[in-house]
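Comments concern the structure below.
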Amino acid sequence: TDRNEALAAAEAVRDAVIRDNGRGATIPEPAAFLAAFRAAWSRLAERHRPVGGQPTLAEAIREVGDTFDLALTDADVGRLEAAHYAVIREQIRLYPEVHAVLDRLSDLGVKRALVSNTIWQAKDHREDLARFGLTDRFEHAVFSSEFGRMKPHPSIFQLSLDAFGVAPHQAVVVGDRVEADVRGARAAGCHAVLRVHPFTYPQDPGAEPADFEIRSLTELLPWMERLG
């Protein structure tokens with residue numbers, strides 16, 4: 001579950017602190033460490049919300065370090081980010097139809113961009129794209145941790161629209177988050193397709209629905225072919 005992954009990642013950071021911190025700091029128990037992470041995320045979310053900004057893991061680690069008087073250096077933060085992402089990376093799985101769907105979209109002449117909300121460094125995600133054979137299947141990729149703003153802010157979508165030289169009404173946003181993807185697509189003036197899965201958050205009553213809902217990425221292809 002997401003909670004277990006978060007706890008495991010927080011424990012990995014705590015273990016790295018124990019290994020790397022030679023300053024005699026008292027390291028809290030895992031539950032306290034996770035609680036500190038959650039509190040840090042809440043503060044960072046409030047801080048970034050007015051401008052649609054993206055809180056990052058590095059910021060959270062620094063705040064947690066301050067909470068426990070760890071006096072972390074930039075090198076420390078980098079090592080702790082790596083320890084955290086190593087746990088998350090083990091959980092990443094590729095939908096089996098991804099390559100075939102992206103290749104078919106390419107055959108149809110559809111330009112493909114990856115627009116991702118993330119707390120981790122963009123370089124980590126680019127490594128994963130290469131590992132899964134996806135680097136060349138996307139013509140553009142933008143990560144919120146690098147860009148500085150996150151979905152649903154329209155500017156992160158506009159970056160890809162500008163890269164392709166297309167108008168919003170010519171673009172389709174496919175995602176699995178109602179708030180980030182459907183609302184973001186609407187704010188940017190794009191079509192919206194919601195990929196529904198067991199963890200999809202329910203749509204707010206009264207919110208404008210997606211143009212189309214799918215449960216497998218292969219279901220996207222006939223709709224895209226009809227859209228022209």
Side-chain angles (χ1 to χ4, degrees), residues 1-14 16-17 21 25-74 76-85 87-88 91 114-125 142-160 173 175-190 192 194 199-208:
T1 64
D2 289 345
R3 183 182 183 281
N4 288 338
E5 288 174 15
L7 179 58
E11 287 176 343
V13 172
R14 177 178 174 272
V17 168
N21 189 284
T26 299
I27 308 301
E29 292 302 310
F33 216 70
L34 181 60
F37 261 105
R38 287 174 172 159
W41 285 126
S42 294
R43 292 192 298 272
L44 289 169
E46 287 301 317
R47 195 178 304 160
H48 284 276
R49 184 173 290 114
V51 294
Q54 172 66 68
T56 65
L57 178 61
E59 290 178 289
I61 287 173
R62 289 188 179 95
E63 294 227 354
V64 172
D66 291 344
T67 298
F68 297 113
D69 297 322
L70 297 179
L72 299 175
T73 66
D74 288 345
D76 292 331
V77 172
R79 284 192 295 271
L80 300 181
E81 282 185 285
H84 190 280
Y85 192 67
V87 174
I88 301 303
Q91 315 302 319
L114 175 65
V115 180
S116 177
N117 278 357
T118 179
I119 64 173
W120 297 286
Q121 293 188 39
K123 69 176 183 64
D124 293 322
H125 296 297
V142 55
F143 301 97
S144 60
S145 58
E146 184 174 66
F147 179 62
R149 285 186 171 169
M150 61 189 295
K151 301 181 290 185
H153 199 281
S155 64
I156 195 169
F157 297 100
Q158 191 63 47
L159 197 67
S160 291
V173 174
D176 59 3
R177 295 289 187 268
V178 172
E179 172 68 15
D181 299 310
V182 176
R183 181 183 167 197
R186 296 307 188 196
C190 303
L194 179 67
F199 304 107
T200 300
Y201 297 113
Q203 185 154 291
D204 293 334
E208 188 174 359

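Note that this is a predicted model, so its numbers are computed, not measured.
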- prompt: If you draw a 6.0 Å radius around CZ in R183, do more than 12 non-hydrogen atoms from other residues or ligands fall strictly inside?
  reply: no

task: Could you grab the distance from atom OG1 of T56 to atom CG of L44, nearest 0.5 Å is fine?
output: 7.5 Å

field: Donor-acceptor under 3.5 Å (S160 side chain, I156 main chain)
entry: no

- prompt: How far apart are the C-alpha atoms of E46 and R43, what are their side-chain angles, what is the distance that settles it, and do they pass the salt bridge (charged side-chain N to carboxylate O under 4.0 Å, His left out) test?
  reply: CA-CA 5 Å; E46 287 301 317; R43 292 192 298 272; over 6 Å; no

- line: With sequence neighbours left out, the residues meeting side-chain contact (heavy atoms from CB on, under 4.5 Å) with T118 are S116, W120, H125, F143, S144, S145

- prompt: How far apart are the C-alpha atoms of I119 and W41, what are their side-chain angles, what is the distance that settles it, and do they pass the side-chain contact (heavy atoms from CB on, under 4.5 Å) test?
  reply: CA-CA 10 Å; I119 64 173; W41 285 126; 3.5 Å; yes

task: State which residues pass side-chain contact (heavy atoms from CB on, under 4.5 Å) with P154; sequence neighbours excluded, sorted by chain then number.
output: A187, A188

- line: d(D74 CG, R79 CZ) to nearest 0.5 Å is 10.5 Å

- prompt: Quick one: does D76's side chain have a donor or acceptor within less than 3.5 Å of a partner on T73's backbone?
  reply: yes

- request: Identify, with sequence neighbours excluded, every residue that meets side-chain contact (heavy atoms from CB on, under 4.5 Å) alongside R149.
  value: V51, F147, H153, S155

message: According to side-chain contact (heavy atoms from CB on, under 4.5 Å), who are the partners of Q121, at least two apart in sequence or on a separate chain?
response: E81, K123, D124

message: Under 4.0 Å between a side-chain nitrogen and a carboxylate oxygen: does that hold for E59 and R62?
response: no

message: So, taking the atom named OG1 in T67 and the one named CZ in F37, what distance separates them when rounded to the nearest 0.5 Å?
response: 10.0 Å

statement: Smallest heavy-atom separation, A180 atom then F157 atom, equals O-CZ, 3.8 Å

field: Residue pair M150 / P55, side-chain heavy-atom distance below 4.5 Å
entry: yes

task: Walk me through it: do L194 and V178 pass the test side-chain contact (heavy atoms from CB on, under 4.5 Å)?
output: CA-CA 7 Å; L194 179 67; V178 172; 3.9 Å; yes

- prompt: So how far is it from K151 NZ to N117 CG, rounded to the nearest 0.5 Å?
  reply: 5.0 Å

- prompt: Roughly how far, to the nearest 0.5 Å, is the CD1 atom of I61 from the CG atom of L72?
  reply: 8.0 Å

query: So which heavy atom on V64 is nearest to which on A40, and how close?
result: CG2-CB, 4.2 Å

